[in-house]
Amino acid sequence: MCRLHKMLVSLKSSSHNTKHLDQILTQAITTGLIQATPTWNCILRAYAKSPTPIKAILIYNHFTNSNSIHPDSYTFPGLLKACTCLHSIPKGKEVHAHVAKLGLESDVYVQNALVHFYGSTDQIYDARLVFDKMPQRDVASWNSILAAYSSNSMFEALVLFRKMMCERIGADVITLVIILSNLAQVRGGEYGSTIHGFAIKVGFSCILNLGNALMGMYVKYKKMNEALRLFSEMGCRRGVVSYTILINGYVEIGLIDMARGIFDRMVEKDIVLWNSMIRGYVEARRPDEALLLLKKMDNEKVEPDETTVVSVLAACGSLSDLQYGRLVHRSILRNNLRRDVFVGTALIAMYSMSGSIEEAMLTFYKMVDRDVFTWTTMIEGLAHYGYVNEALKLFDQMENDGFGPNEATFVSVLAACRQSGLVNEGCLLFTKMVRIHKIQPKIEHFGCLIDLLSRAGLVDQAEEFVKIMPPGERLVAYKTLLSACMNYSKIGLGLKVADKLYRLGSEDHAVYILLSNFYALAGEWSKVAEMRRNMKSFGMVKEPGISSVEVKT
DNA sequence: TTAGGGTTAG
């Protein structure tokens, strides 16, 4: 009994792996101590924070169904945390009903947890409803509702923050971290300086977490000088998180070697720092250096995690290195890494990019959890290999399985239609995207559709789509349309399009060559001469085309 | 007991 008590006490201070928690649970059941609600709460809370929060819910279900334990106000914060981690909206609502049944509406901890649950599952309206009905609120209540708004609507969050100041609630470090972490949604950056000033005034600026949040804010605004100044001011207080933020900032602005310099100076590197640097090389299109860094990581006996392998697989894909990719796949299985949605999707992308659509499909069908990214990656892979009908079938299956396609999914299927000249299917998909899925078409969607219609000779229909495009993005569309007018000898429309294209004032030599060729076809020789003069006056020289083939021996 | 914080896929 005493040993179990010690174990329960230790649960409060640190997070535990599932195996350790399972042992504690078994012991609590065999000793009968589980019947005591505080013991039960303690175990439930530990599971909620563990890698398997589902067990917290299973324990709750089991004991409440058997009516052997009576939950109290200490039960629900942990339970709601598990619902939040699992993004389980129905379970969270069921728990809310249980809270109401027990009459815990005035418990500030339980109500805060409900606000947090609704806010973290994108149910802002419900979060606000709970918040507004609370008889008492503390700073955590305000922070929870602030966090709910800040990830969606920073403007609303700033209104609330102002209200918090007016009502003299008193912001704490967490309040400022919440505001800072999403502030970059607001253009300008004036608020950032104000909050920085406020943090100095109230004496929070020496707190490491706040320093990091301020650095993160400056990095997001691409104010690297400010971030660097803060980093220097933090002196010995700065930690590995501060280094990671700085590295990410340099990666973001394309100074990868600068990032590497900082990375090499850091003595105590953790896995996130390694991952940031490896990702940086992938982003900088230097995948071979990402793989070299993985080797260095291995030499230094640092175990890669799921995030590492996702980046490494992206590097393999961009190098079309199927052998290395397969090696990474085997190491994922061997090292028992979680085969989650990220890892599975990265494997599909790697196999598709490296020439093995079969292994990509095998991975796709073996996956237990898939999301919109997984489906999109597989659809894109199939379309890329010319399996257009299979790609479109998979798109239907995706919708039937209840996954809402996004912008990228529509780019993939529209590109597939373009590739096979499927005019009706392409038009239907475009309409579906706008009318049913309420997705605002972007230049990529218009590009696919206009190309599809143009290649089929339906230039008048294509022109209708160009008309609804934003004026600043029409250059490529006019080029496509004019080429089609040439191919199908649609001189009348071609003259109109050529005039619009010319008025855009592009300095791209391809535009003037196209215009010159079209006017020659139309017999407008004075215009041909004008285009040639333009090309000369801009000093345009056609760059020789280069193509290469990689031969594997 | 509650809130926030550096890395990951199209």
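In what follows, every chain begins at residue 1, and chains take the letters A, B, ... in the order their sequences are listed.
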Report summary line: Checking B:dT8, B:dT1, B:dG4 against the side chain of A:R279 (C-beta onward), the nearest is B:dT8
Query - Sole residue of A:L293, A:I256, A:L291 in side chain to side chain contact (heavy atoms under 4.5 Å, CB included) with A:R286 - result: A:I256
Query raised in the report: Quick one: which of B:dA3, B:dA9, B:dT1 gets closest to the side chain of A:V341?
Result: B:dA9
Query raised in the report: Between atom CE in A:M297 and atom C1' in B:dT8, what is the gap in whole Å?
Result: 13 Å
**Report entry** A:R137 to A:F131 six-membered ring, cation-pi geometry met (6.0 Å, 45°)
**Finding:** yes
**Report entry** Salt bridge A:E226-A:R229, side-chain N to carboxylate O under 4.0 Å
**Finding:** yes
Report task. For A:I262 and B:dT7, give me the distance from atom CD1 to atom C1', rounded to whole Å. Result -> 16 Å
Requested in this report: Take atom CG of A:L347 and atom C1' of B:dT8, then tell me their distance rounded to the nearest Å.
Outcome: 13 Å
Report task. Please work out if A:T409 contacts a base, only the sugar-phosphate, or nothing of the nucleic acid, heavy-atom cut-off 4.0 Å. Result -> base
Query raised in the report: Within the structure shown, what part of the strands sits under 4.0 Å from A:Q111 by heavy-atom distance: base, sugar-phosphate, or nothing?
Result: nothing
Query raised in the report: Taking only side-chain nitrogens and oxygens of A:K49, does any of them come within less than 4.0 Å of OP1 or OP2 of B:dT1?
Result: no
Query raised in the report: Which of the following nucleotides, B:dA3, B:dG6, B:dT8, is nearest to the side chain of A:N143?
Result: B:dA3
Query raised in the report: Any idea which of B:dT1, B:dT2, B:dG6 is nearest the A:V240 side chain?
Result: B:dG6
Report summary line: Residues A:G92 and A:F117: closest non-hydrogen pair is CA-CZ, 3.4 Å
Report task. Please work out if A:N41 contacts a base, only the sugar-phosphate, or nothing of the nucleic acid, heavy-atom cut-off 4.0 Å. Result -> nothing
Query raised in the report: Contact class for A:N248 (heavy atom, under 4.0 Å): base, sugar-phosphate, or nothing?
Result: sugar-phosphate
Query raised in the report: In whole angstrom, what separates A:L273's CG from B:dT7's P?
Result: 12 Å
**Report entry** Given B:dT2, B:dA9, B:dG6, the nucleotide with the shortest approach to the side chain of A:F342
**Finding:** B:dA9
Query raised in the report: Rounded to the Å, how far apart are A:I271 CD1 and B:dT8 C1'?
Result: 11 Å
Report summary line: Considering only heavy side-chain atoms of A:S311, the closest of B:dA3, B:dG6, B:dT8 is B:dT8
Requested in this report: Using a 4.0 Å heavy-atom cut-off across all strands, classify A:T175 as base, sugar-phosphate, or nothing.
Outcome: nothing
Report task. Figure out the OH/P separation between A:Y47 and B:dT1, and round it to whole Å. Result -> 19 Å
Query - Nearest-neighbour nucleotide for the A:V241 side chain, B:dG6, B:dA3, B:dA9 considered - result: B:dG6
Report task. Scan A:D340 against the nucleic acid and name what it touches under 4.0 Å (heavy atoms): base, sugar-phosphate only, or nothing. Result -> nothing
Query raised in the report: Among B:dT1, B:dG6, B:dA9, which is the nearest nucleotide to the side chain of A:P77?
Result: B:dT1
Report task. Compute the centroid of each ring, for A:F364 and then for A:W375, and state whether the two points are separated by less than 6.0 Å. Result -> yes
Query raised in the report: Is A:Y109 stacked on the base of B:dT1, meaning ring centres closer than 5.5 Å and planes within 30 degrees of each other?
Result: yes
Query raised in the report: Hey, is the side chain of A:N275 pairing donor to acceptor with the base of B:dG6 inside 3.5 Å?
Result: no
Query raised in the report: Under 4.0 angstrom, heavy atoms only, what part of the nucleic acid is A:N406 near: base, sugar-phosphate, or nothing?
Result: base
Query - Whole-Å gap separating C1' (B:dA3) and CE (A:M164) - result: 10 Å
Query raised in the report: Roughly, in whole Å, what's the span from CH2 in A:W142 to P in B:dT2?
Result: 22 Å
Query raised in the report: Which listed nucleotide (B:dA9, B:dT2, B:dG4) is nearest to the side chain of A:N112?
Result: B:dT2
Query raised in the report: Do NZ/NE/NH1/NH2 and the carboxylate oxygens of A:K295 and A:E289 come within less than 4.0 Å?
Result: no
Report task. Using atom types as modelled and distance alone, determine if a side-chain donor or acceptor of A:D371 lies under 3.5 Å from a backbone N or O of A:F373. Result -> yes
